[in-house]
Structure formats: C-alpha cells, structure tokens
Amino acid sequence: MTYAQIKQLALRQLDEDPHDMDEFGDLLGLYVNEGYQTALIDHVKPREVYTLKTDKDGKADLSGIRVRQIASVVDSKTGFNAWAEMDSTGETLHTAVRDGEIKLTALVTYTDMTGEADEPRLPSWAHTALADYACYRYLSNGNMAKQSKAQFYLQSFLGRMSQLRPQAMGSVTTMHNLYTVTDARYVR
C-alpha cells in the first residue's frame with residue numbers, strides 16, 4: 001500500500017468521509033509515520049552493509065549514513081572483526097583498522113514517508129497495521145468511549161508487529177570441526 005492508501009484506510013476505519021483528507025491528512029500522516037518508525041526501530045530493525053575507508057587514525061566518515069547502532073565491523077583485508085565505536089554525534093566511526101577498508105554492518109533508520117506514492121519498507125501484509133496505529137493515536141485523544149475503541153486498534157497493531165521478524169534473525173555462524181570427537185574413550 002502507498003502512504004496515501006494507508007491514510008485513506010485509516011480514515012475509513014475512523015468512519016470519516018474519505019473526501020475529508022484535507023482536514024485529517026496532516027494529522028493522520030504524522031500518526032502513520034510514527035507507527036512506521038515504531039515498526040522499524042522496535043520490530044524490523046533494518047540492517048545495511050557499508051564499505052568504508054579509514055584514515056591513519058582509524059577514523060571513518062559516517063555522514064550521510066543513518067546509523068543507529070553498530071552490529072559488526074570487519075577488516076576487509078584480514079576478514080576478522082575489528083573494534084569500533086561511533087562518536088557522540090554519530091558522524092565519525094573510530095576503529096582499530098588504520099589506513100584500510102572496513103565492512104560496517106549497522107542497524108539503520110529510514111526516513112518518514114512524505115510523498116503520496118511512498119511505500120513503507122515493511123512486508124506488504126503489515127501495511128494495514130500502520131493504519132491501525134494511526135486510528136489508535138487519533139482515538140486515544142478522545143473521550144473514554146473513544147479511548148476504549150483505541151485499545152482495539154493498538155492490540156491489532158501490536159499483533160501484526162509481533163509477526164514481524166528482525167532482519168538477520170535466525171542467522172548462524174558456522175563452525176567446522178567443533179565437535180568432531182565426542183566419544184570420551186578417544187585417546188590421542
């Protein structure tokens with residue numbers, strides 16, 4: 001679904017006239033993007049891999065990259081993991097690799113949807129959950145009856161989010177010959 005379709009669905013779920021998008025569009029858009037960021041940060045946890053060059057002090061420039069957290073840093077030359085940390089501004093990566101190249105795997109953020117044709121970077125079956133979140137936020141500002149109805153939409157959103165799996169979940173590190181000899185009677 002597109003950003004516009006998600007807002008239209010939320011408007012229909014709220015029993016409002018879909019032609020009143022001018023009146024509700026900005027507020028629903030804010031709520032849809034809030035739900036989108038919640039889905040990304042708490043449930044999908046998107047990862048991207050970047051190849052970066054380091055200088056003589058082991059610093060790499062992160063400007064223009066939306067890094068939230070470092071998952072791993074690998075020295076491209078040796079293939080081994082390397083120590084690394086971001087500075088407080090998130091603009092520079094300090095690493096033990098000097099004058100080299102590293103592969104940074106990082107948890108990233110995506111920008112909010114702004115264009116009407118934008119699509120969320122979620123599985124298509126989870127797009128309706130963003131409309132549920134927008135309905136929840138809209139109704140939670142109302143009277144007790146609306147707040148009670150808002151809980152239904154919150155539970156619907158959370159149910160869909162519990163079905164999402166983070167990127168890289170279930171990946172394993174393969175170790176060879178770790179348990180080649182398991183018989184206690186084996187003697188060298």
Side-chain angles (χ1 to χ4, degrees), residues 1-7 25-26 28-131 133-134 137 157-158 160-181:
M1 295 177 76
T2 64
Y3 181 50
Q5 291 170 329
I6 293 169
K7 291 191 295 185
D26 291 339
L28 285 179
L30 180 70
Y31 292 154
V32 166
N33 278 317
E34 185 179 316
Y36 179 48
Q37 291 303 324
T38 300
L40 289 174
I41 292 169
D42 295 342
H43 301 282
V44 176
K45 300 175 183 176
R47 294 171 181 241
E48 290 184 2
V49 178
Y50 301 98
T51 302
L52 303 172
K53 301 264 187 214
T54 60
D55 63 11
K56 62 181 174 62
D57 297 325
K59 296 179 183 178
D61 184 31
L62 294 178
S63 58
I65 302 175
R66 304 165 312 274
V67 175
R68 276 190 31 247
Q69 183 179 350
I70 298 169
S72 71
V73 174
V74 176
D75 184 353
S76 295
K77 184 178 178 183
T78 63
F80 292 117
N81 286 339
W83 169 86
E85 70 177 3
M86 285 190 299
D87 65 355
S88 60
T89 62
E91 296 289 322
T92 305
L93 180 75
H94 300 278
T95 180
V97 179
R98 311 230 187 284
D99 283 328
E101 189 174 89
I102 57 171
K103 288 200 182 290
L104 168 69
T105 303
L107 276 73
V108 297
T109 58
Y110 297 135
T111 57
D112 286 345
M113 295 178 286
T114 53
E116 296 298 313
D118 290 351
E119 289 191 24
R121 291 182 170 189
L122 299 173
S124 60
W125 54 264
H127 291 181
T128 57
L130 299 179
Y133 186 86
R137 288 287 286 131
F157 173 76
L158 293 175
R160 278 290 185 195
M161 292 300 106
S162 69
Q163 296 172 343
L164 287 174
R165 296 290 173 244
Q167 286 185 0
M169 180 183 177
S171 63
V172 295
T173 303
T174 306
M175 296 183 180
H176 299 287
N177 302 325
L178 186 61
Y179 298 105
T180 55
V181 179

Report yes if the side chains of [X] and [Y] come closer than 4.5 Å at any heavy-atom pair, otherwise no.
X: Ile70; Y: Leu104; result: yes
X: Ile41; Y: Arg68; result: yes
X: Tyr3; Y: Asn33; result: yes
X: Glu116; Y: Lys7; result: yes
X: Ile6; Y: Leu28; result: no
X: Thr109; Y: Val67; result: no
X: Met113; Y: Pro120; result: yes

Keeping the roles fixed (side chain from [X], backbone from [Y]), state whether a donor-acceptor pair exists under 3.5 Å.
X: Asp55; Y: Lys59; value: yes
X: Asp75; Y: Phe80; value: no
X: Asp118; Y: Gly115; value: yes
X: Thr95; Y: Trp83; value: yes

Just checking, is any N or O donor in the side chain of Glu34 or Tyr133 under 3.5 Å from an acceptor N or O on the other one?
yes

Distance-only polar pair, side chains of Glu48 and Tyr50, donor-acceptor under 3.5 Å
yes

Determine the minimum heavy-atom distance between [X] and [Y], stating which atoms define it.
X: Leu130; Y: Gly35; result: CD2-C, 3.6 Å
X: His127; Y: Glu119; result: CE1-OE1, 4.3 Å
X: Thr54; Y: Arg98; result: OG1-C, 3.8 Å
X: Arg121; Y: Tyr36; result: N-OH, 3.0 Å
X: Gly90; Y: Leu62; result: O-CB, 3.6 Å
X: Thr51; Y: Lys103; result: OG1-NZ, 3.3 Å

With Lys45, the side chain to side chain contact (heavy atoms under 4.5 Å, CB included) member among Leu107, Leu164, Val108:
Leu107

Can you tell me how far [atom2] of [Y] sits from [atom1] of [X], rounded to the nearest 0.5 angstrom?
X: Arg47; Y: Ser72; atom1: CZ; atom2: OG; result: 7.5 Å
X: Leu158; Y: Met161; atom1: CG; atom2: CE; result: 8.5 Å
X: Lys53; Y: Asp61; atom1: NZ; atom2: CG; result: 14.0 Å
X: Ser88; Y: Glu91; atom1: OG; atom2: CD; result: 10.0 Å
X: Thr92; Y: Met86; atom1: OG1; atom2: CE; result: 10.5 Å

May I ask you to check whether over 12 heavy atoms, not counting those of Asp87, lie within 6.0 Å of atom CG?
yes

